[in-house]
Engineer: 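Encoded as structure tokens, here's the structure I'll be asking about.
Start at 1 and go down the list; that is how both ligands and their atoms are numbered. The basis for the numbers below is simple: all heavy atoms, side chains too, and nothing from hydrogens, waters or symmetry mates.
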Amino acid sequence: MALKKTLTIAGSDTSGGAGMQADLKTFQEHGTYGMVALTVVVTMDPNGWTHNVTPLPTELLQKQIDTALSTGIDAVKTGMLSTEEIIRMAGEAIAKSGTSNVVIDPVMVCKGDDEVLNPGNTDAMIQHLLPLAAVTTPNLFEAGQLAGTGTPKSIDEMKTAAKKIHELGAKAVVIKGGKALATEKATDLFFDGATFYLLESEKVASTFNHGAGCTFAASVTANLANGLSVKEAVIEAKEFVSAAIAHGWALNDYVGPVMHGAKSRFGAPAVTVTEI
Ligand SMILES: Nc1ncnc2c1ncn2[C@@H]1O[C@H](COP(=O)(O)OP(=O)(O)O)[C@@H](O)[C@H]1O
Ligand SMILES: Cc1ncc(COP(=O)(O)O)c(C=O)c1O
Ligand SMILES: [Mg+2]
């Protein structure tokens, strides 16, 4: 039986919760066939868990992209892209892929690390990636950087940022309010270019949410490959990640990854969708 082919152009999170590890686990859970073009390897200092990002040679990235594209892919997502050159290469790969099922997760920081990967990356993402996006999935900080508005602090400010990001070329935008937004629920804003929707689930009190953003974006990608509409894809992704966070766990003293396979094992918490 042929499976839908999903490609992630992303970094490796050696600790396994985020990055391409999250993407592959999530693709598998959605019944798609996952492939990877690896950009960087993130390792952690065993004493203190500071992150270290090691890039791979760009020729090697290009070879991976050529390999994956030659199979014919049904959907593609981007994750951690550490330099402007890599962002440009990802844009070229997506344009060449022939699929319009394109999810841009504009990763700028690792959770718990405030350091932005490379400030020039924001402009490169705006130039090379947003115009190709069926959906882009910034967190609050990333939305503020892309929109040039500063980090949104309310639903109204999220709407303003989402409109700006849509004007930059992304066909649809999900701004993840997550834990950072001062709302009772874990609230994300979905804008399809015409209508705004709030996607809400119970806010989980634990801090075991490492990889939540990657898992959300990978779910959207797999759902698009499987033929869901963009709206259906983001709603299922919210259910999938809510379950994954609800069953997050402590890997060690420093990090708590989400449980990528939680929805199929335990079911998903309720997600409400409200037009606003
Ligand atoms: N504590 C939480 N409880 C429930 N949902 C959460 C929680 N933290 C994040 N989420 C959800 O997880 C998804 C990823 O959001 P977020 O963690 O903000 O992204 P990122 O990992 O890219 O920073 C969003 O759907 C967000 O609403
Ligand atoms: C390789 C890689 N990609 C992406 C991320 C972002 O992860 P999150 O899903 O928590 O936003 C991380 C964070 O550690 C990472 O190491
Ligand atoms: Mg993220």
Engineer: Is the shortest heavy-atom distance from the side chain of Asp192 to the side chain of Val230 under 4.5 Å?
Structural biologist: no
Engineer: Check whether any side-chain N or O of Thr14 sits under 3.5 Å from a backbone N or O of Val42 as a donor-acceptor pair, and report yes or no.
Structural biologist: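 Yes, the answer is positive, given that a donor and an acceptor are paired below the 3.5 Å cut-off.
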Engineer: Where does Asp13 meet ligand 2, judged by heavy-atom distances below 4.0 Å: at the side chain, the backbone, both, or neither?
Structural biologist: both
Engineer: Using a heavy-atom cut-off of under 4.0 Å, does the side chain or the backbone of Ala10 touch ligand 2, or both, or neither?
Structural biologist: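 Neither; no heavy atom under 4.0 Å.
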Engineer: With the threshold set at under 4.0 angstrom, would you say Met20 reaches ligand 2 through any of its heavy atoms?
Structural biologist: no
Engineer: Which atoms of ligand 2 sit under 4.0 Å from any heavy atom of Gly19?
Structural biologist: 1 (C), 2 (C), 3 (N), 4 (C)
Engineer: Taking NZ in Lys203 as the centre, count heavy atoms belonging to other residues, nucleotides or ligands within less than 6.0 Å. Is the count above 12?
Structural biologist: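 Atom NZ in Lys203 is packed in, count exceeds 12.
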Engineer: Please lay out, stage by stage, how Thr78 and Ile87 fare under the test side-chain contact (heavy atoms from CB on, under 4.5 Å).
Structural biologist: CA-CA 9 Å; Thr78 61; Ile87 291 168; over 6 Å; no
Engineer: Does any N or O atom in Thr187 lie less than 3.5 angstrom from one in ligand 1, N or O only?
Structural biologist: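 Between Thr187 and ligand 1 (N or O atoms, distance only) the closest approach is not under 3.5 Å.
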Engineer: Looking at His210, which atoms of ligand 2 are within less than 4.0 Å of one of its heavy atoms?
Structural biologist: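 Numbered from 1, ligand 2 contributes 13 (C), 14 (O).
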Engineer: I need the atoms of ligand 2 closer than 4.0 Å to a non-hydrogen atom of Ser12, numbered in the order shown.
Structural biologist: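 Near Ser12, the atoms of ligand 2 are 1 (C).
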Engineer: So if I count the atoms of ligand 2 from 1 in the order they appear, which ones are less than 4.0 Å from some heavy atom of Gly213?
Structural biologist: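 Matching atoms, with element in brackets: 9 (O).
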Engineer: Show the numbers, then the answer: is there a side-chain contact (heavy atoms from CB on, under 4.5 Å) between Ile235 and Tyr197?
Structural biologist: CA-CA 10 Å; Ile235 293 170; Tyr197 301 88; over 6 Å; no
Engineer: Do the charged groups of Glu92 and Arg88 touch, with an N to O distance under 4.0 Å?
Structural biologist: yes
Engineer: If we only count heavy atoms from C-beta on, is the Leu69 to Leu7 side-chain gap below 4.5 Å?
Structural biologist: yes
Engineer: Considering His51, Met108, Met80, which one's heavy-atom position lies nearest to atom 2 (C) of ligand 2?
Structural biologist: Met80
Engineer: Does the plane of the ring in His51 sit parallel, tilted or perpendicular to the ring in His210? Use 30° and 60° as the thresholds.
Structural biologist: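 Because their plane-to-plane angle is over 60°, the rings of His51 and His210 count as perpendicular.
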Engineer: Under 4.0 Å, heavy-atom basis, I'd like to know which part of Glu202 is in contact with ligand 1: side chain, backbone, both or neither.
Structural biologist: backbone
Engineer: Tell me which one of Ser15, Ala217, Cys214 gets a heavy atom nearest to atom 8 (P) of ligand 2.
Structural biologist: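 Closest candidate by heavy-atom distance is Cys214.
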Engineer: Measure the distances from the heavy atoms of Gly79 to every atom of ligand 2 and state whether one is below 4.0 angstrom.
Structural biologist: no
Engineer: Under the side chain to side chain contact (heavy atoms under 4.5 Å, CB included) test against Ile175, which residue among Glu142, Glu157, Lys159, Met158 passes?
Structural biologist: Met158
Engineer: Can you list the ligand 1 atoms lying under 4.0 Å from a non-hydrogen atom of Asn209?
Structural biologist: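 So the answer, numbered in order with elements, is 8 (N).
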Engineer: Gly177 to ligand 1: N or O pair under 3.5 Å?
Structural biologist: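 It does not: no N or O of Gly177 is found under 3.5 Å from an N or O of ligand 1.
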Engineer: Does only the side chain of Ala22 get under 4.0 Å from ligand 2, or the backbone, or both, or neither? Count heavy atoms.
Structural biologist: neither
Engineer: Can you list the ligand 1 atoms lying under 4.0 Å from a non-hydrogen atom of Gly178?
Structural biologist: 9 (C), 10 (N), 26 (C), 27 (O)
Engineer: Short list, please: which atoms of ligand 2 are under 4.0 Å from a heavy atom of Gly11?
Structural biologist: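 Under 4.0 Å from Gly11, ligand 2 has these atoms: 1 (C).
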Engineer: Taking only heavy atoms of Asp188, which atoms of ligand 1 are found under 4.0 Å from at least one of them?
Structural biologist: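 Per the distance check, 24 (C), 25 (O), 26 (C), 27 (O).
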Engineer: Surrounding CD of Gln28 (heavy atoms of other residues, nucleotides or ligands, distance under 6.0 Å), is the total greater than 12?
Structural biologist: no
Engineer: Quick one: are Lys77 and Thr6 in side-chain contact, heavy atoms under 4.5 Å?
Structural biologist: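 The answer is no; the side chains never approach within 4.5 Å.
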Engineer: If you measure every N or O of Val107 against every N or O of ligand 2, does any of those distances drop under 3.5 Å?
Structural biologist: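 No, no N or O pair falls under 3.5 Å.
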Engineer: Suppose I only count heavy atoms of Val42 and a 4.0 Å limit; which atoms of ligand 2 are within that range?
Structural biologist: 1 (C), 16 (O)
Engineer: Ligand 1 versus Val204, non-hydrogen atoms closer than 4.0 Å: side chain, backbone, both, neither?
Structural biologist: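 Both backbone and side chain.
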Engineer: Has the side chain of Thr99 got a donor or acceptor atom that lies under 3.5 Å from a matching backbone atom of Ser97?
Structural biologist: no
Engineer: Taking only heavy atoms of Ala18, which atoms of ligand 2 are found under 4.0 Å from at least one of them?
Structural biologist: 5 (C), 7 (O), 12 (C), 13 (C)
Engineer: Do Thr137 and Asp105 have a side chain donor and acceptor closer than 3.5 Å?
Structural biologist: yes
Engineer: Would you mind running through ligand 1 and noting each atom that sits below 4.0 Å from a heavy atom of Lys238?
Structural biologist: 25 (O), 27 (O)
Engineer: With the side chain counted from C-beta on, respond yes when Leu181 and Ile155 share a heavy-atom pair under 4.5 Å apart, and no when they do not.
Structural biologist: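 Touching, per the 4.5 Å side-chain cut-off.
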Engineer: Geometry only, no angles: is Lys176 polar-contacting ligand 1 at N/O separations under 3.5 Å?
Structural biologist: yes
